[in-house]
> 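Sending over a structure as structure tokens; questions will come in a sec.
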Amino acid sequence: MNDLAFLFAVHNHQPVGNFPGIFAAAFRDCYRPLLEALAGHPSFRFALHFSGPLWEYMEENERACWDLVRELSGRGQVELLGGGFYEPILSIIPEEDRLGQIRMMNDFLVENFGQRPRGLWLTERVWEPDLPRTLAAAGIEFTLLDEEHFHYAGIRDLHTTYITESEGRSLRVFPIDKTLRYQVPFHSLEDVEAYLGTIRETGGTAILGDDGEKFGVWPGTHKWVYEDGWLERFLAFIDDREIRTMSFGAYLDSHAPSGRVYLPPASYEEMMEWVLEPDEQEAFRRLKASAGPEDRRFLRGGLFRDFCRKYSEANHLHKRMIMVSREVRASGSPAGGLRHLYKGQCNDPYWHGVFGGLYLPHLREAAYGHLLEAEKSTPDPPGWEVLDFDCDGRDELAYRDPEFGLLVKPSSGGALAEIDYRPWSRNLSNVLSRQREAYHQSAAESAGEGSGEGKSIHELAKKLPPDAAELLRYDRQPRYSMIDHFFRAGTTPEDFRRVDFGEQGDFVDGAFSFEIAGRTLRLERRGAVWAGEEKVPLALRKTIARSAGGLRVDIEIENLSGRPLDVAYGSEWNLLAFPHEIELLGADGAELYGGAFRFEPAGAGEVWAFALRTLSQSEGGFDIIHQGYCLCPVWSMGWAGNGTKRLSVVLKERHGR
């Protein structure tokens with residue numbers, strides 16, 4: 001088997017904002033022992049990619065690992081791969097930021113390890129056809145993509161390399177072998193040897209690139225890979241069979257491309273299923289199962305950008321990032337502003353699949369925190385701005401001053417979509433709505449126990465926790481604030497929590513007109529509520545005013561008919577607060593963030609309050625995650641006829657935290 005070339009790449013990543021203990025455990029259980037094992041076999045050449053957050057952590061906290069990478073680089077055993085420094089999805093960030101992130105990584109690797117990368121690890125292998133132009137402009141010669149990309153382009157030989165281009169800028173592309181990706185390190189060496197034999201017989205090249213975390217971080221893998229000796233046996237097997245490992249760059253120099261390809265937008269197969277709606281996922285899987293091998297090349301799931309369609313919170317974060325990038329570039333922000341912007345582009349909170357991603361509030365908080373820090377390096381506008389920030393074809397309203405940043409959506413119930421407290425660089429509205437996921441049903445039906453030993457993360461069976469059924473309740477709209485409800489008689493706080501109630505009015509997602517007067521914004525909708533079989537016209541006006549003491553919302557509800565009316569009105573607010581950050585005060589509202597804020601609804605009869613929790617999947621199984629609190633002051637109101645009721649809600653600053 002000495003005529004077989006084997007190209008082996010390892011990609012390691014932890015997201016911006018992940019807990020320090022997770023970084024430390026990943027180095028202890030995976031990254032350090034993996035590098036030590038590879039260093040013990042000097043003839044084994046491989047490519048290595050660490051994302052920027054890991055390089056920064058390693059430089060500060062893992063000097064032995066840092067020095068080992070230097071040693072491996074110095075003796076020519078490791079080829080370092082570039083990428084966007086803070087691991088963005090390159091295709092969804094502005095071109096200037098793509099180039100800036102790649103060049104930051106290039107310069108970092110040259111300065112610290114003496115290697116200018118020729119190849120790039122493409123985050124989540126999310127490919128769009130214009131990327132060759134960007135990568136070539138940044139000095140990148142090649143990247144690795146999943147074999148699925150090539151299937152969709154009609155390519156049959158996957159054990160070689162190809163060339164593609166955009167606007168005449170060319171790029172070599174290596175297909176990652178999916179069978180090897182699933183076999184290493186999860187199958188026996190007999191399976192691996194048999195499969196490599198089939199590649200050798202056809203004169204092909206074995207190409208493997210995948211997440212390093214499967215060598216010790218994923219459930220059960222540390223024991224399997226190290227304690228049970230899989231990795232050491234594998235490396236000895238490569239030595240004994242005289243399989244020729246080499247760098248991707250050396251292969252590039254010695255092998256011409258096998259042909260030209262034009263690859264459609266794609267990612268790895270699982271990603272393109274995760275992005276589909278639950279019913280679409282099931283239909284797509286049925287379609288694939290019924291298709292023959294020759295037909296499946298015409299079948300692919302969704303595009304990565306569809307996460308912005310599937311999750312309104314992902315779209316909001318993405319468009320907020322674009323907004324901040326535009327402001328930072330326009331203002332000539334200092335380098336610190338750019339670095340915060342780049343950190344806010346880290347991919348993980350922009351999507352959700354087998355990993356928590358968007359569902360993890362600490363990752364969303366990190367993204368918003370860095371975006372708000374970047375935004376603070378730019379000048380504040382003089383008052384309210386009218387703009388379509390989220391690209392939905394309808395105007396939004398943005399405001400910021402040294403204390404608060406606000407984003408209002410007049411077309412969506414006149415709701416507050418974002419409340420930023422800028423001294424903390426914290427989005428107080430960073431709350432995820434409860435949404436149906438395909439795995440809610442599939443896991444409930446699964447009988448698997450989810451053992452991780454010898455299995456890929458995509459092959460693990462998972463079971464819902466015993467109390468999961470209560471969490472499988474889904475919200476009707478995003479968890480914005482300042483949402484106007486008119487409740488049917490008899491609606492209870494439990495009905496509201498369970499989303500098991502009827503709306504009497506048409507204000508929740510109706511369009512409001514608006515008027516700006518300095519730092520004050522006035523919103524109005526003329527709608528109606530049902531009273532029995534009759535629609536009663538109402539006018540609802542909301543005035544948002546900033547003052548030195550915080551944020552005040554005055555609400556006027558006018559009965560435009562002479563008809564008597566008794567209704568229960570609620571103003572729904574959703575705030576990112578963890579259990580230790582909130583004290584509920586009954587009808588008086590709540591103390592928030594260690595007393596730094598007080599939520600005060602004037603004269604409310606009661607405040608319906610509950611924790612928002614979601615059920616999501618992760619590497620190890622299912623997670624019940626606290627997403628924030630819903631606070632809904634409720635007023636019981638009656639009119640004999642025409643007349644106006646006046647209410648208010650205040651988010652009052654008390655003191656700094």
Side-chain angles (χ1 to χ4, degrees), residues 312-313 316 406-419 427-435 473-512 521 523 525 527 529 538 540-544 551-557 567-577 582 584-590 592 597-614 626-637 645 647-651:
S312 62
E313 296 86 357
H316 186 99
L406 306 172
L407 275 166
V408 175
K409 291 184 67 67
S411 62
S412 298
L416 263 170
E418 185 170 333
I419 307 169
N427 174 6
L428 306 183
S429 300
N430 177 17
V431 177
L432 189 72
S433 56
R434 299 170 295 183
Q435 181 162 321
R473 301 191 177 275
Y474 308 117
D475 294 317
R476 297 167 180 168
Q477 62 269 326
R479 283 284 172 179
Y480 296 146
S481 289
M482 211 170 69
I483 299 171
D484 305 292
H485 295 283
F486 289 91
F487 296 110
R488 289 181 180 173
T491 302
T492 67
E494 183 63 10
D495 295 334
F496 184 59
R497 183 186 70 82
R498 293 164 62 92
V499 198
D500 188 17
F501 67 97
E503 291 283 354
Q504 291 293 93
D506 59 3
F507 295 87
V508 168
D509 53 8
F512 280 66
L521 173 65
L523 299 153
R525 174 175 173 79
V529 297
L538 292 184
L540 196 154
R541 306 177 188 95
K542 297 184 281 193
T543 301
I544 303 173
L551 177 67
R552 180 181 180 89
V553 177
D554 290 309
I555 303 164
E556 293 184 0
I557 306 173
V567 295
Y569 166 79
S571 178
E572 178 186 342
W573 293 66
N574 295 287
L575 301 173
L576 177 62
I582 189 168
L584 300 176
L585 304 174
D588 293 330
L592 294 158
F597 282 91
R598 188 178 175 104
F599 177 81
E600 292 184 344
E606 54 185 329
V607 174
W608 297 350
F610 62 92
L612 288 159
R613 299 189 303 159
T614 56
H626 178 92
Q627 299 290 351
Y629 280 90
C630 176
L631 303 172
C632 186
V634 178
W635 292 263
S636 295
M637 298 182 295
K645 304 295 183 182
L647 320 168
S648 69
V649 177
V650 178
L651 189 61

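Hydrogens, waters and symmetry mates are skipped; everything else that's a heavy atom, side chains included, is used.
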> Tell me the closest heavy-atom pair linking R525 and A511, and the distance in Å.
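Shortest heavy-atom separation between R525 and A511 comes out as NH1-O, 3.1 Å.
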> Among residues at least two apart in sequence or on other chains, which ones pass salt bridge (Lys or Arg N to Asp or Glu O under 4.0 Å) with D475?
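Only R434, R479 meet the salt bridge (Lys or Arg N to Asp or Glu O under 4.0 Å) criterion with D475.
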> Could you tell me whether the side chain of R541 reaches within less than 4.5 Å of the side chain of L523, counting heavy atoms only?
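No. Closest side-chain heavy atoms not under 4.5 Å.
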> How close do S429 and A417 get, heavy atom to heavy atom, and via which atoms?
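Where S429 meets A417 most closely, the heavy atoms are CB-O, 3.9 Å.
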> Go through the steps to decide whether N430 and E418 satisfy the test side chain to side chain contact (heavy atoms under 4.5 Å, CB included), and finish with yes or no.
CA-CA 7 Å; N430 177 17; E418 185 170 333; over 6 Å; no
> Quick one: does H626's side chain get under 4.5 Å of L612's, heavy atoms only?
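No, their side chains stay 4.5 Å or more apart.
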> Quick one: do the T614 and Q627 side chains pair a donor with an acceptor below 3.5 Å?
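Q627 and T614 do have a side-chain donor-acceptor pair below 3.5 Å.
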> Looking at every heavy atom in both A609 and L631, which two are closest together, and how far apart are they?
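Distance-wise, the nearest heavy atoms are CB-CD2, 3.6 Å.
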> Do we see a donor-acceptor contact under 3.5 Å between the side chains of Y629 and N574?
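Y629 vs N574: no donor-acceptor pair found between side chains.
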> Pairing donors with acceptors under 3.5 angstrom, does anything connect the side chains of E313 and S433?
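There is such a pair between these side chains.
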> Does some side-chain heavy atom of L521 sit less than 4.5 Å from a side-chain heavy atom of L406?
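Side-chain contact under 4.5 Å: no.
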> Could you state the interatomic distance from CG (L538) to OH (Y569), rounded to the nearest 0.5 Å?
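That separation rounds to 11.0 Å.
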> Over all heavy atoms of both residues, which pair between P478 and I483 is shortest? Give the atoms and the distance, please.
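Looking at all heavy atoms of both residues, the closest pair is O-CD1, 4.1 Å.
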> Does the side chain of L576 come within less than 4.5 Å of N427's, by heavy atoms?
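Contact flag for N427/L576 side chains = no.
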> Output yes when K542 and D484 qualify as a salt bridge under the 4.0 Å nitrogen-oxygen rule, no when they do not.
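Yes, K542 and D484 are salt-bridged.
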> With heavy-atom distances below 4.5 Å as the criterion, would you say the side chains of K645 and E556 are in contact?
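Heavy-atom side-chain distance check fails, nothing below 4.5 Å.
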> For a 4.5 angstrom cut-off between non-hydrogen side-chain atoms, does F512 reach F507?
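They are in side-chain contact.
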> Determine the minimum heavy-atom distance between I557 and I555, stating which atoms define it.
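So the minimum-distance heavy-atom pair works out to CG1-CG2, 4.1 Å.
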> Tell me, with the steps shown, if V408 and I544 meet side chain to side chain contact (heavy atoms under 4.5 Å, CB included).
CA-CA 10 Å; V408 175; I544 303 173; 3.8 Å; yes
> Kindly indicate, with the supporting measurements, whether the criterion side chain to side chain contact (heavy atoms under 4.5 Å, CB included) is fulfilled by L551 and L416.
CA-CA 12 Å; L551 177 67; L416 263 170; 4.2 Å; yes
> Taking the side chain as every heavy atom from C-beta outward, state whether M482 and V553 have any atom pair closer than 4.5 Å.
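Contact flag for M482/V553 side chains = yes.
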> Does D554 pair with R552 as a salt bridge, N-O distance under 4.0 Å?
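Yes, this pair counts.
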> I want to check something: taking the side chain as every heavy atom from C-beta on, are V607 and P601 in contact at a cut-off of under 4.5 Å?
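Heavy-atom side-chain distance check passes, below 4.5 Å.
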> Considering non-hydrogen atoms only, spot the tightest contact between F496 and H485 and give its length.
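Closest approach of F496 to H485, heavy atoms only: CE1-NE2, 3.9 Å.
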> Whether the side chain of T491 engages the backbone of R488 through a donor-acceptor N/O pair (distance < 3.5 Å, no angle test) should be reported.
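Such a contact is found between T491 side chain and R488 backbone.
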> Atom CD1 of I582 and atom CG of L592: how far apart are they, to the nearest 0.5 Å?
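That separation rounds to 5.0 Å.
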> Evaluate the criterion ring pair (Phe, Tyr, Trp, His ring centres under 6.0 Å) for residue pair F487 and W608; output intermediate values, then yes/no.
CA-CA 12 Å; F487 296 110; W608 297 350; 4.9 Å; yes
> Please assess E494 against D500 for the test side chain to side chain contact (heavy atoms under 4.5 Å, CB included), listing each intermediate value before the final yes or no.
CA-CA 8 Å; E494 183 63 10; D500 188 17; over 6 Å; no
> Should we count CZ of R613 as having more than 12 external heavy atoms under 6.0 Å?
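It does not: R613 CZ has 12 such atoms or fewer within range.
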> So, W573 side chain and Y480 main chain: donor-acceptor pair closer than 3.5 Å or not?
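Not at all, since once roles are kept as given, no pair shorter than 3.5 Å links the two residues.
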